[in-house]
Amino acid sequence: MLAGLAIFIPVFLSTSIVCFKDGWLYLNEWFNWHTLSSFDEWNWALLGKGFAISLLIGLVAVAAAYFCFYGHYKKIWHKQKIARMFISNRFLEKENVTKESMFSFKDRKVTKAKITYFPRAYYQQKNGYIYVRIALDLSRFQKRFLELGEELENGLFCDLVEREIEENFVCYKFLYDVQKNRIPIDQVTVKSGSMKLMKHVYWEFDKLPNMLIAGGVGGGKTYFILTIVGALIKSGANVRILDPKNADLADLETVMPSGTVFSKKDGIMMTLRKSVEDMLQRSEEMKKMPEYKTGENYAYVGLPPVFIIFDEYVAFMEMLDTSEKMKALEYMKQLVMLGRQMGYFLILAAQRPDAKYLADGIRDQFSFRVALGRMSETGYGMMFGDTDKTFLFKNIKGRGYADSGNSVISEFYTPLVPKGYDFLTEIGRTVSEVQGASGDGVASGSVATGTRDVEE
């Protein structure tokens, strides 16, 4: 605000002087009583035009300065904040130096403090990221330098996406103004074992399999899942939907192939069991393929991935008796432990991921985790484990936090869905196009196998 006024006022006054240059020749006549009292004789058109032009040029100058120099100003501001952080945390060393005073008539010595050590830090903006490098010079502050991620993140109002130890430096990588990296739903693509969710965020499910989604009411969880479903089907993947609450995802039964959407307990348990059986069978079949090569995955031999999307799994587990819970957990455990190479991936969603249903190391197998909307500290702890991250709530639908598999929790925005977008219609159209192109269903023969099992 002050910087804007500092630009506007001089430009406005300078332009006014130019607009009224003829009037300055008669400045002494402006302040006599006759001139001041003769309002009707004033040239109001000229005055209005001059002030309007001055105002417009002043505003244009402020706007031009903002667009041209705002980035430079932000860099200086960030550097100043980092320097203040070093000083306020006393990351420096001083020693007293005694000198003779040059301004004294008597022989007198003055003792002053001299800074003998100050941290070396480098600030860089590149490709939408901010890099802060702090020298690891074996000083007594080095351990603290390795723990400054959260302080820098909050102080610079950025989002920490990576911390890397380089030779002689610790490098903190931040993303500034994350919301600008939000993408529309039509830009969500699945290619080469990776799904694009933001401009800088990808779920590389071939390398980091399985996704865990949590979100309260109104957080955008359902739209996010439907967006994922549409993108996966469009890519030719085999998608199986489990919705024990018979809610929005269950409506996909009207547009998706038969035997791929279930909301009843028997159908859900059957899908989990058949998915495990199909996965193990695929493992045997892959080894018999001529293209098979040790160490390669399903995509190498041309097989499509299979995604089991399980919404409100906590609510489902609460419906089961002890023996059924054990079976369901065993099925999910096998899928997340063994599924990556065979191309079987599990996406679990719930309002709050209860830890008792993700025991025995199952939670650690969910590489990509998303928490949307307002959640409690306990909920964040269930999602991301112990962390020093400061979680802030913003009343933006589809906004939350995500860990894309690098153990760094970052601000996250789900893809933008246009107003009036009809998921059922669009997904139904995509299913028809994929079926028309392949001639035998969405992805593989696994769907038909599941259908026969239900009919039996």
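Residues: numbered from 1 along the sequence shown.
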Close side-chain approach of D248 and I225, heavy atoms under 4.5 Å: no
Q. Given side chains that start at C-beta, do those of M332 and L348 come closer than 4.5 Å, heavy atoms only?
A. yes
Between F91 and F145, is the gap from one ring center to the other below 6.0 Å?
-> yes
Worksheet entry | F412 and F224 aromatic centres sub-6.0 Å | yes
**Asked** Is a side-chain N or O of D403 found less than 3.5 angstrom from the main chain of R369, in a donor-acceptor match?
**Response** no
- Query: Counting N and O atoms only, with roles assigned by atom type, does the side chain of T189 sit under 3.5 Å from a partner on the main chain of K196, one being a donor and the other an acceptor?
  - Reply: no
Practice item. For the pair K79 (side chain) and Y123 (backbone), establish whether a donor and an acceptor sit closer than 3.5 Å, ignoring hydrogens and angles. Key: no
(message) Using modelled atom types and a 3.5 Å cut-off, is there a donor and acceptor pairing between side-chain atoms of Q142 and backbone atoms of L138?
(response) yes
Q) Is the F310 ring parallel, tilted or perpendicular to the Y313 ring (thresholds 30°, 60°)? A) perpendicular
- Between D206 and Y298, is any side-chain donor less than 3.5 angstrom from a side-chain acceptor? yes
Q. Side chains of V408 and K173: closer than 4.5 Å at any heavy-atom pair?
A. no
* Between Y401 and Y380, how do the two ring planes meet: parallel, tilted or perpendicular, split at 30° and 60°? -> perpendicular
Worksheet item: Between K265 and L320, does a side-chain contact (heavy atoms from CB on, under 4.5 Å) hold up when you go through it step by step?
Response: CA-CA 9 Å; K265 182 178 74 171; L320 306 179; 3.4 Å; yes
Query raised in the report: Taking atom types as modelled and ignoring hydrogens, do the side chains of Y117 and S139 form a donor-acceptor contact shorter than 3.5 angstrom?
Result: yes
Check whether N210 reaches the backbone of Q365 with its side chain - one donor and one acceptor, N or O, closer than 3.5 Å.
yes
Check: Between the side chains of Q179 and R399, is a donor N or O closer than 3.5 angstrom to an acceptor N or O?
Finding: no
Report task. Please confirm whether the backbone N or O of L232 pairs with a side-chain atom of S235, one donor and one acceptor, at under 3.5 Å? Result -> yes
Point to revise | Residue K327 excluded, over 12 heavy atoms near NZ under 6.0 Å | key: no
Quick one: does any side-chain atom of K389 pair with a main-chain N or O of I409 as donor and acceptor, under 3.5 Å? yes
A side-chain contact here means heavy atoms from C-beta on lying under 4.5 Å apart; do T227 and T414 qualify? no
Salt-bridge present (R429, E426; N to O < 4.0 Å): yes
### Message
Tell me whether R133 at atom CZ has more than 12 heavy atoms from other residues, nucleotides or ligands lying less than 6.0 Å away.
### Response
yes
- Side chains of P257 and V431 in contact at under 4.5 Å (non-hydrogen atoms): yes
Quiz item: Would you call D278 and R282 a side-chain contact if the rule is heavy atoms closer than 4.5 Å?
Solution: no
With no hydrogens and no angle check, is any side-chain donor or acceptor of T260 less than 3.5 Å from a backbone partner on R240?
-> no
Exercise. Kindly state whether the ring of F423 and the ring of Y421 have centres lying under 6.0 angstrom apart.
Key: yes
I'd like to know whether CE of M326 has more than 12 heavy-atom contacts from other residues, nucleotides or ligands below 6.0 angstrom. no
Geometric class of the F345/F205 ring pair [parallel <30°, tilted 30-60°, perpendicular >60°] | perpendicular
Under the criterion side-chain contact (heavy atoms from CB on, under 4.5 Å), I'd like the reasoning laid out for E93 against I115: C-alpha separation, chi angles, the key distance, then a yes or no. CA-CA 6 Å; E93 294 179 351; I115 296 177; over 6 Å; no
Between the side chains of E151 and R144, is the shortest nitrogen-to-carboxylate-oxygen separation below 4.0 Å, so that they form an ion pair?
yes
### Message
Is it the case that the ring center of F169 lies less than 6.0 angstrom away from the ring center of Y122?
### Response
yes
